[in-house]
Structures are given as C-alpha cells and as structure tokens.
Amino acid sequence: METTVFIEAQGLVKNYKGIQAVYGLSFTVFKGDIFGFLGPNGAGKSTTIRMILSLIRQDEGDINIFGLPLSRNRKRILSGIGALVEEPRLFEYMSAYGNLELLGRLSGKKISHSRIMDVLALTGLEERWNSPVRSFSHGMKQRLGIAQAIVHDPELLILDEPANGLDPKGMKDMREIIVRLNREFGKTIFISSHILKDIELMANRMLIIDHGAKVVEGNVQELLNAAESNLRITVSEPERAVAVLKEKPETMDLMIDHEGNIVMKANRELVPDINKLLVDNGLKVYSLMPVNSLEQYFLDKT
Amino acid sequence: MVKLILIELKKVFGRKRSYIGFLVIFVLVSILQAAMWVEGQTFIDMFTQNLQDTFVLEGNLMNGYFISFMLMNSLWVLLPFLVTFVAGDSIAGEAHAGTLRLILTRPVSRVSLITAKYIASVTYTFLIVLFLMILSLGISSLVFGTGDLIVFSKTLNIFPEKEVLPKFLGAFGFAFLGMTLVTTLAFFFSVLTNNSIGPIVSTMAIVLSFTIITNLNLEAFHVIRKLLFTSYINSWTLFFDYTIDWRQIYLSIFVSLMHIAVLFAATLWIFKRKDILS
C-alpha cells in the first residue's frame, strides 16, 4: 500500500444553528485505500463528507486533498474526485447516457462516447443507456450514481451510503463494483455506510465517529484483531467446555445459546489458544468463529 | 462559461413545463385574435363613436397594430407569472431535486454556475417576450394588415402607420427589461429556499402588491410609489403617449437596471456562502 496522503482533515468543526455536528475531527486517507467511514445516524458523517466536497464550509479546521488546501484549490481538487452524496439525485427527465454526458462535461474533461458506454457497462446499465432515469428502479439509480461518479475517471471516489436502500443482490453488486474500482482501476475510495458487513468485507482502513468526534481510526483488521469480539463455539459437551474455559482468565461473558453453542467475548488472538485448550481437554471442536465482529466492535465503540 | 450556459439552456428547454408559458401565450393570443376577427370592427366603432361625430376616420383602424397593442395591455399582467416559473425554479428546484449538490461536486465555480443559470433564465424571459411579439405583432399584422394605430394612453392618440413599428420595438424592448427585473427577483428568491413554489409565490406576491400600490392614486402612497419598481417596469406604455417622455423612460431604464444589478449581486453573495444541505 502506498503512503501518499489523499485526504488529510485536521480539527474540523461544524455547527448548525448552535448544534455541534462535527467537533475537532481529524483523519487521514491514503492513496489506494478503501476507507470505511462509520458512525451512528446523526454522528456527522454526511456533514463531514459535504465539507470534504466543499458543499458546506467548516467553521474551523483544514482539509487538504491531493496535498492541496481545499479552500484555495476547490476546482482543481474536485476535478480529481467523483462523488455520490446520499441517495443519487439525477436529472430524471434525461436518459442515463444524457446524465453521464452532462455531468461528464461539467467535470472539465472531454468525455468520449465510448467512455460513457464503458462506464454504463461497468455498472450494468448498458442495455438501458437511452431510457429516462425516471423509469429506473432504486438499484439502477444507485448504480447510475456510481457511474456519474466515475465517468470522468477521478482518482478519488467519495461515496456516501452507496448501498442505501438496496436489496441483498443489489448490495452484493454494489460491493463488487466498489472492490473492482479499487483493485482493477486503482481508485481510492472513501465510503460511508451503516452496513457494517460491507465495510468489513471491503475496507482496509476505517474511521468511526460518534457525536461529531473521532472514536477510532486505523487498519480494519488490526483494530478488529485487537478488539474483543463475540466468538461462537460449537463443541461436543458445551457445559464441560464452559467449565474448562472459565479456568482461563482472559475469557469472559461465557454463555450457552439456545442452539447449544458457546458464545463468549474474546480477543481474536486468543482463538488458537481456546481451540487448543478445548481439544487438550478431550472436547470435540466442530466450529469456532468470530460473530459480527465489526458490528460488535462498532456497538462497543459508539 | 459558454459550456455552462449551454448546459443550463439544455436543462431549461429539456423540461416540458418550460413550454407552458409559450402554450399559454399561444392560446390566449389565438383566442383574442379570433374574437377580434369576429367582432373587432364593432369594437373599433364603439371605441371611436364620439370621434366619428366630429372627424372623418379613414383607413383600416382595426389592424394588426391595434390588436397587438390590445394584446400587450391584456397579457402584460400575465407575463410575470410565466417568467417566474423558470427563474424561481432555477436554483430552488435543483436544490429540492438534489441535483444542485450533484453539480457542485463537479469542478464548477459557484459564481459561474449562478451566472449561467441567470443567463439561461433571462434567455427564457427574452424568448417569452419575443414569442409574444411575434404572435401579437407579426401574426396580427399578417392576418389583419397594418395601418394607423389608434390608442388611448392618457389621451386618445392616432399614430401614422410609419411611426408605429419603432414604438412597438421600443415597447417590447422595455417589456423585456421589465420582465428581466421580475426574473431577477424570482431568481433572488430561488437562492433563499429549497422548493420552487416559494420563489414563485413570493415574487408574485411582491409584484401584485407593489402593482396595487402603484395603481392606487392615493396621496398617501405618493412617496412610496416612487420607490417601487412596479412604477417603472410599466413604462413601455410611455412609447404610446402623444409626446414621449424620454426623461421618464431613461429614469425607468436606470432604476430597472439598478434593481437588477443589486438583486443579482445579492443572489451571488448569498449563493457563494450557502451551505448545500439539500
């Protein structure tokens, strides 16, 4: 992973009519990241994203993107960014092609016919290229929202809840598009979502905010590995297994669920030790897996 | 900037509702022209009844010029409604639809965007006034012919045919300026809200209430009247006075242009600082 800094936010503060939306928020996004941006509803995620896109002005703090101060280089910076802010709002009376053509022209780059068709193909909309957007389903609009964000081939994508309102298939499709954009096309992606599984599956780094302030920032796997997560263990004799595990001081909150599995809080680093302990005590371990690790981590932190 | 203006024009004319204004003008002008075709001569006879006892009136007085003057008088009150639809919707409509934030995530300066939107709105206003001119003056002249113009503007005036066309060009030119002021007012309100109804209602409320005060011939309103733009935007009628009051026309042009400049500057100032929350 390269260490070129793409977004650097320092001490961001934003108040709305006396209500503090964001307070002292700082974070860094590196080139090549899929950077997950998490927080409960009203935590200040959309406000932060709008500040990064200069849709709103921060009361205090600095934002540097591509190494340049946003306040003095707005046009230059935005030409390298593609964004989808909340639900996609497009020109409903225009076709998918017409929207991409218009928004592509606004990006300041010459967008060819073949580029527009390629982007429509990437997002699975090539067959509906000439249909008016008002006839599109929510999922199709969401994909067109991604298409308009990438049509001018930006280096950095800022996606605010891109999977919002999608069905499971739509979410999976969206996830695949985002990962492809990162891995195949080298896009750096800043993505906010409340679908924690998506972030866990896609992001390499993440930031969790609550009440407008940073809770934690770092590498997703490192943070999860360092954190206690719920562990579900399926063993031959659950009650004896609980007694064995209770002897180990690092384990805690042990319980047996209605299916006879042991559920406990444990650091991921302890998983091999727990497995060995159970096996050494003559228990058959059928499965041992962390459950909703990011979800648990998120709930613990917010 | 040219690219932005073309995009904004494409957006204005890509929507069906933008054609409502043209349709309304077409329908009303056609109805009035048909009515004048049927009983226009009776109308002229009634209009000149007293004169016919004293003077000999020759030629075709029920001509395209007369009908055009009538149409301008009749439709003048309607024009502000038609031009505010586009200008009032220009920013607020896009804010409501969420496309404003879509555009502003592109490398487009806010000043350029607002200027392009304004130029597109003023272009629409120009085309509305031009359309009214073509239908009322052009088509009426073709159908009813041309001739001397008989009008009642303070006094009863009859203008020889050769003097009439410049008067109409001046009147329509001034009508465009007046409607540009109304457009600018609607555009100003459009930046203040996130729904298109608000700017349209606000603009019309101001135009109507100012017009009422302007037209009420009360001494109490004498000073106020001079401060209201509605006292100046109706100055197109001055072109049909027996002696044209050029001083008043220049004053009206100056006051209208000042209003336009101040309102547009205020719109720019507000939009540059506006948080896009929609």
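Convention: sequence-line order gives letters A, B, ...; per-chain numbering from 1. Only a predicted model underlies this, so the values are computations on that prediction, with no experimental measurement involved.
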Just how far is it from atom CG of A:L102 to atom CD1 of B:I103, taken to the nearest 0.5 Å?
7.0 Å

CG of A:L181 to CG of A:L159: how many Å apart, nearest 0.5 Å?
8.0 Å

Fit a plane to each ring of A:F27 and A:F190, take the angle between them on a 0 to 90° scale, and name the class: parallel (under 30°), tilted (30 to 60°) or perpendicular (over 60°).
tilted

For B:T214, what residues pass the side chain to side chain contact (heavy atoms under 4.5 Å, CB included) criterion, not counting sequence neighbours?
B:R225, B:L228, B:T230, B:S231

According to side chain to side chain contact (heavy atoms under 4.5 Å, CB included), who are the partners of A:V179, at least two apart in sequence or on a separate chain?
A:R183, A:M202

Could you walk me through whether A:F66 and A:F6 satisfy the ring-ring contact (aromatic ring centres under 6.0 Å, His included) test, starting with their C-alpha distance in whole Å, then the side-chain angles of each, then the deciding distance to 0.1 Å, before giving a yes or no?
CA-CA 5 Å; A:F66 308 136; A:F6 260 22; 5.0 Å; yes

Please state whether the side chain, the backbone, both or neither of B:L277 comes within less than 4.5 Å of a heavy atom of chain A.
both

Which pairs count as salt bridge (Lys or Arg N to Asp or Glu O under 4.0 Å) when at least one residue sits in residues 172-185 of chain B, sequence neighbours excluded?
none

Ranking A:L84, A:L106, A:L53 by heavy-atom pairs under 4.5 Å to chain B gives rank one to A:L106

Just list the donor-acceptor pairs under 3.5 angstrom between chain B and chain A, please.
{"residue": "B:K3", "atom": "NZ", "partner": "A:R105", "partner atom": "O", "Å": "3.0"}
{"residue": "B:H96", "atom": "O", "partner": "A:R89", "partner atom": "NH1", "Å": "3.4"}
{"residue": "B:A97", "atom": "O", "partner": "A:R89", "partner atom": "NH1", "Å": "3.2"}
{"residue": "B:R101", "atom": "NE", "partner": "A:V85", "partner atom": "O", "Å": "3.1"}
{"residue": "B:R101", "atom": "NH2", "partner": "A:V85", "partner atom": "O", "Å": "3.0"}
{"residue": "B:R101", "atom": "NH2", "partner": "A:E87", "partner atom": "O", "Å": "2.6"}
{"residue": "B:L104", "atom": "O", "partner": "A:R74", "partner atom": "NH2", "Å": "3.1"}
{"residue": "B:R106", "atom": "NE", "partner": "A:L103", "partner atom": "O", "Å": "3.1"}
{"residue": "B:R106", "atom": "NH1", "partner": "A:Q148", "partner atom": "O", "Å": "3.3"}
{"residue": "B:R106", "atom": "NH1", "partner": "A:Q148", "partner atom": "OE1", "Å": "2.7"}
{"residue": "B:R106", "atom": "NH2", "partner": "A:L103", "partner atom": "O", "Å": "3.4"}
{"residue": "B:R106", "atom": "NH2", "partner": "A:Q148", "partner atom": "O", "Å": "2.8"}
{"residue": "B:R106", "atom": "NH2", "partner": "A:H152", "partner atom": "ND1", "Å": "3.4"}
{"residue": "B:V108", "atom": "O", "partner": "A:R74", "partner atom": "NH1", "Å": "2.8"}
{"residue": "B:V108", "atom": "O", "partner": "A:R74", "partner atom": "NH2", "Å": "3.1"}
{"residue": "B:R110", "atom": "NH2", "partner": "A:S54", "partner atom": "O", "Å": "3.3"}
{"residue": "B:R110", "atom": "NH2", "partner": "A:L55", "partner atom": "O", "Å": "3.1"}
{"residue": "B:K272", "atom": "O", "partner": "A:R57", "partner atom": "NH2", "Å": "3.3"}
{"residue": "B:D275", "atom": "OD1", "partner": "A:R57", "partner atom": "N", "Å": "3.2"}
{"residue": "B:D275", "atom": "OD2", "partner": "A:K14", "partner atom": "NZ", "Å": "2.7"}
{"residue": "B:I276", "atom": "N", "partner": "A:L55", "partner atom": "O", "Å": "2.9"}
{"residue": "B:I276", "atom": "O", "partner": "A:R50", "partner atom": "NH1", "Å": "2.6"}
{"residue": "B:S278", "atom": "O", "partner": "A:R50", "partner atom": "NH1", "Å": "3.3"}

